[in-house]
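For reference, the structure is listed below as structure tokens.
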Amino acid sequence: MESKSLVELLKEKGLDVAEDSAKMIIEAVFEFAESAVAKTENKYDDMLLAAIPLLKPMVLGLVDKIDGKVG
């Protein structure tokens with residue numbers, strides 16, 4: 001795997017993302033996903049509701065590494 005950091009890659013793409021902003025975006029995406037899935041009549045996507053509590057901390061843990069520091 002290339003040693004380039006996520007921040008460097010995002011900056012090359014023209015996106016200057018702060019860790020706090022990324023966390024807020026992730027929180028909003030998960031909140032929206034839970035709401036959207038709960039509103040659909042399709043019961044298969046309800047499995048996502050069980051997965052969100054497992055996925056959310058994992059994704060937020062990765063976001064926490066954007067600035068190269070944990071915490």
Side-chain angles (χ1 to χ4, degrees):
M1 178 175 223
E2 196 172 321
S3 64
K4 187 181 297 187
S5 76
L6 177 58
V7 173
E8 291 172 5
L9 181 62
L10 291 171
K11 285 181 181 180
E12 284 178 11
K13 303 280 183 186
L15 185 62
D16 191 12
V17 176
E19 191 174 285
D20 291 338
S21 298
K23 285 181 182 179
M24 289 189 306
I25 292 167
I26 296 300
E27 292 281 355
V29 167
F30 276 110
E31 183 179 334
F32 175 79
E34 286 178 319
S35 175
V37 167
K39 291 178 184 176
T40 66
E41 293 181 26
N42 180 350
K43 297 302 173 197
Y44 292 109
D45 65 357
D46 289 352
M47 290 185 282
L48 184 59
L49 293 175
I52 287 175
L54 301 172
L55 293 171
K56 188 175 175 181
M58 291 172 25
V59 173
L60 289 172
L62 294 171
V63 168
D64 191 39
K65 296 178 181 179
I66 287 176
D67 65 2
K69 303 173 200 163
V70 176

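We use all heavy atoms of the structure for the numbers below, so side chains are in, but hydrogens, waters and symmetry mates are not.
The shortest non-hydrogen separation linking Ala22 to Val63 is CB-CG1, 3.7 Å.
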Contacts under 3.5 angstrom, residues 28-39 side chains, donor-acceptor by atom type, not counting sequence neighbours:
none

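Placement of Met24 and Ile52 in two distinct hydrophobic clusters is found when ILVMFWY residues are connected by side-chain heavy-atom separations under 4.5 Å, directly or transitively. Note on Met47 and Leu49: separate hydrophobic clusters, where clusters join Ile, Leu, Val, Met, Phe, Trp and Tyr whose side-chain heavy atoms are under 4.5 Å apart, directly or indirectly. Under the 4.5 Å side-chain contact rule for hydrophobic residues, Leu55 and Ile26 share a cluster.
Asp64 CG to Asp20 CG: the interatomic distance, rounded to the nearest 0.5 Å, is 9.5 Å.
Ion pairing of Lys23 with Glu19 is present here, as a side-chain N (NZ or NE/NH1/NH2) and a carboxylate O approach within less than 4.0 Å.
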